[in-house]
Amino acid sequence: MTDDYLATSMRDVMCAAVTEAHVGQRVSVCGWVARRREHGEKLAFLDVRDRTGLIQAVVDGTVDVRAEYVIRLTGTVTRRPEGTRNERLATGSVELSDCAVEVLAPAEPPPFPLDGRVEVDEAVRLRYRYLDLRRDGVAANLRLRARVNGALRRAMDAQGFCEVETPLLWAPTPEGSREFVIPARLHPGEFFVLPQSPQIAKQLLMVGGFDRYYQLARCLRDEDLRADRQFEFTQLDIEASFVTQDDVMGFVSRAVLDAAEVATGVRPTSIDTMTWAEALDRYGTDKPDLRYEMTLHDLSREFETSSLRAFSAPTVKALRVPGGGEFSRAALDGLTETAKALGAGGLAWFRVTADGLDSPLARHLSADEAAAIRAVDGGAAPGDLILAVADEYVVACRVLGALRVAVASMPVGAGPHRYVWVTEFPLFEGFGDDGHPLAAHHPFTMPHPDDLANLESSPLTVRSQAYDLVLNGWELGSGSVRVHRADIQSRIFRVLGISDEDAQSRFGFMLGAFSYGAPPHAGFAVGVDRLVAIFAGEENIREVIAFPKTQSGSDLMTGAPKSLTARQLAELRLTFAPKGQ
RNA sequence: GGACCUGUGGUGCAGCUCGGAGUGCACGCCGCCCUGUCAAGGCGGAGGUCGCGGGUUCAAAUCCCGUCAGGUCCGCCA
């Protein structure tokens with residue numbers, strides 16, 4: 001592949017593209033001074049850097065440039081003298097000699113080293129993000145991200161999808177995540193919101209006949225930040241008509257596997273599938289990390305009649321940690337604290353030894369119970385550790401699932417990439433303060449056809465046609481088959497406690513649209529930031545975002561958010577309540 | 001709203017347990033020297049509100065309380 005097309009009026013070739021094929025040619029390069037090595041008044045070396053890499057220039061005499069000066073350098077490509085080649089540099093066999101240096105812009109010394117050899121405090125990097133972008137790490141991640149975006153777009157195009165942009169200024173729909181609010185200057189006292197996702201817009205596109213829509217959509221949610229959550233993030237947003245759940249999973253699988261191939265050079269062979277119930281039961285989470293085993297095992301029957309108070313609970317779940325006998329008492333205390341923090345009454349642990357079980361509970365176990373502990377997960381070997389939690393079923397599963405992840409302690413990008421579809425999520429999760437069940441996904445999610453009859457009688461047992469895609473324990477995205485029939489939608493609203501008037505005021509335009517012929521449709525959204533972070537081997541999506549916010553939601557570079565002038569506030573007719581109200 | 005970790009010249013760290021002069025290391029910066037380096041090398045120099053405020057003490061980077069900032073997590077994220 002040639003980089004010649006990157007030549008401009010100012011430069012002939014990119015720095016790292018200078019090769020022995022250019023020897024004898026007089027060329028110009030443009031870039032930043034990466035380093036200067038002076039050898040007295042007669043000789044100096046400059047490393048010139050652009051986004052492709054470095055080229056060394058030899059300067060006869062002194063040259064008045066410092067690190068990070070922007071220069072245009074014209075020189076003759078020369079084969080380096082014998083013994084002075086640099087194997088570690090792509091351009092290490094050549095150099096530019098007989099150089100003319102033109103300073104395009106001088107530069108202050110940078111506030112932190114740009115050569116990537118030292119870890120720099122992230123607050124400093126974020127304050128000077130434009131300098132951080134000159135370094136290899138984030139720059140390479142952003143280029144990877146661009147390639148992933150390209151692969152996703154090509155995959156969707158190839159599958160007949162049409163890219164449509166949807167509004168950023170949208171109507172408030174109080175439900176779900178907190179929305180960013182935009183005052184409407186032309187309508188004092190009224191507000192737009194920024195969409196937490198294009199969910200409703202894309203369903204309206206289905207009514208509009210765009211039977212295959214996609215978009216790399218920016219989504220905005222005014223919720224607290226995490227390593228894998230920013231206020232604004234990007235989704236590959238997909239919706240299609242006349243399709244089933246399997247069709248959508250097929251579309252998404254192709255796009256994600258294409259992106260994986262582009263990003264990693266290897267196409268994953270397959271994506272596993274399991275139900276939500278199975279994920280909870282075996283892995284204690286709805287986003288199982290399949291890179292390691294350590295599944296959860298049920299000991300409820302074995303301890304049903306146990307005299308042990310610690311195990312008198314509806315469910316007893318256990319986990320075998322191979323080699324976990326090495327864990328120190330302090331480490332086990334830490335796991336116990338984690339278990340308690342997650343809502344368990346405590347954590348039972350058993351070190352498996354040649355003689356038996358080493359545990360504070362060991363002497364209280366019956367022979368059968370001890371045998372049951374040792375038989376967990378196909379049988380424990382000396383040196384293994386067994387962790388057990390007794391509680392309500394869901395608590396026992398979730399706590400042990402969290403311990404499983406904590407014990408494995410595996411970076412998200414490490415090892416093989418294990419994709420898994422998790423299907424048949426419950427339609428509702430728990431009850432709200434008003435006594436009505438809460439929608440697990442969103443209120444337009446289609447119930448599982450086999451469970452439709454139980455919608456009113458036992459809503460919490462109703463499965464939905466909602467599905468997640470999980471990679472290495474991170475939720476990559478979720479989707480569902482949507483409700484397109486007014487009768488089912490009414491029943492769901494009723495169960496949720498949303499009155500007809502409520503439904504009309506919140507989603508009236510949508511329900512109206514659906515009355516004019518809504519096709520059966522379903523969709524999905526893939527979190528691009530997370531996907532790229534895993535491809536890049538990063539634990540934090542800030543590393544794949546050009547200008548991210550801190551965890552407290554501020555931008556250290558611009559200082560945002562900031563207050564407005566009194567004049568701006570007056571124009572928006574905004575005043576503020578006194579602090580503390 | 002809550003828990004935990006971190007904060008020391010521009011950068012990265014050590015010093016903090018067990019209080020005793022802003023002590024140390026590496027990089028960078030400034031000056032001088034140096035004709036084949038490539039993380040160049042040699043010599044010299046400058047650079048500090050130990051995040052901020054309060055307390056304890058004869059004495060605080062060090063102990064205590066509060067606070068701010070950054071991070072990880074819980075809550076939150078239909």
Side-chain angles (χ1 to χ4, degrees), chain A residues 34-49 54-62 66-68 78 80-89 91-93 95 97 108-128 131-132 173-179 196-197 199-200 219-231 233 334 337-338 340-343 398 402 405-406 425 427-430 432 437-445 464 466 475 478 480 492 496 498 506-507 527 539-540 542 548-554 556:
Chain A
R35 213 176 308 277
R36 180 187 59 161
R37 296 178 291 278
E38 280 202 320
H39 293 252
E41 293 181 356
K42 297 276 178 56
L43 177 67
F45 298 96
L46 294 182
D47 289 343
V48 187
R49 182 196 68 232
L54 297 178
I55 178 75
Q56 172 170 283
V58 189
V59 180
D60 302 315
T62 58
R66 302 279 167 133
E68 301 307 318
T78 316
R80 288 202 193 181
E82 210 54 50
T84 66
R85 303 202 173 149
N86 186 345
E87 299 297 334
R88 285 173 304 175
L89 206 60
T91 58
S93 65
E95 62 193 6
S97 57
E108 295 292 322
F112 57 92
L114 301 188
D115 59 12
R117 280 185 297 126
V118 288
E119 289 272 316
V120 178
D121 185 78
E122 195 178 357
V124 178
R125 291 172 54 207
L126 289 179
R127 180 170 168 203
Y128 301 97
L131 295 180
D132 195 30
T173 52
E175 174 101 21
S177 67
R178 202 175 284 120
E179 295 159 322
Q196 48 84 22
S197 81
Q199 180 62 38
I200 293 174
C219 304
L220 300 113
R221 296 179 188 173
D222 188 4
E223 299 288 353
D224 288 5
L225 280 44
R226 287 285 190 282
D228 61 353
R229 277 163 35 192
Q230 284 271 304
F231 285 148
F233 58 99
E337 285 309 305
T338 303
K340 286 180 177 168
L342 294 172
R398 290 202 181 279
V405 172
F425 273 66
L427 191 62
F428 306 104
E429 52 183 7
L438 301 165
H441 189 55
H442 57 62
F444 318 115
T445 305
S464 71
E475 181 193 320
S478 59
S480 63
I492 291 174
L496 288 170
I498 299 174
R506 287 188 206 176
F507 314 114
E539 293 282 290
N540 193 304
R542 290 189 299 272
K549 308 287 186 287
T550 66
Q551 181 158 340
S552 64
S554 58
L556 297 180

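In what follows, every chain begins at residue 1, and chains take the letters A, B, ... in the order their sequences are listed.
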Among U37(B), G71(B), C77(B), the nucleotide that comes nearest once only the side chain of Ser177(A) is considered: C77(B)

Touch class at under 4.0 angstrom, heavy-atom based, for Arg80(A) against every strand present: base

Nucleotide of U35(B), C76(B), U11(B) approaching Lys42(A) most closely (side-chain heavy atoms): U35(B)

Listed partners of Arg221(A) passing salt bridge (charged side-chain N to carboxylate O under 4.0 Å, His left out), at least two apart: none

Whole-Å distance separating the CG atom of Leu438(A) from the C1' atom of G75(B): 15 Å

side-chain contact (heavy atoms from CB on, under 4.5 Å) against Lys340(A), all qualifying residues, sequence neighbours excluded: Thr336(A), Glu337(A)

Proximal nucleotide (of G10(B), U37(B), C74(B)) relative to the Arg226(A) side chain: C74(B)

Using nucleotides 12-15 of chain B, report all nitrogen or oxygen pairs with the protein that are shorter than 3.5 Å.
{"from": "G12(B)", "atom 1": "OP1", "to": "Asp121(A)", "atom 2": "N", "distance (Å)": "2.6"}

With sequence neighbours excluded, residues passing side-chain contact (heavy atoms from CB on, under 4.5 Å) with Arg37(A): Arg35(A), His39(A), Phe45(A), Asp47(A), Gln56(A)

Contacts of Glu429(A) that satisfy side-chain contact (heavy atoms from CB on, under 4.5 Å) - sequence neighbours left out: Ala440(A)

Stacked pair Phe112(A)-U11(B), distance under 5.5 Å, angle under 30°: no

Residue Asp224(A), side-chain heavy atoms: nucleotide from C76(B), G71(B), C38(B) that is nearest: C76(B)

Contacts of Leu131(A) that satisfy side-chain contact (heavy atoms from CB on, under 4.5 Å) - sequence neighbours left out: Pro110(A), Pro111(A), Phe112(A), Leu114(A), Tyr128(A), Arg134(A)

Pairwise C1' distance, C13(B) and C50(B) [rounded to whole Å]: 14 Å

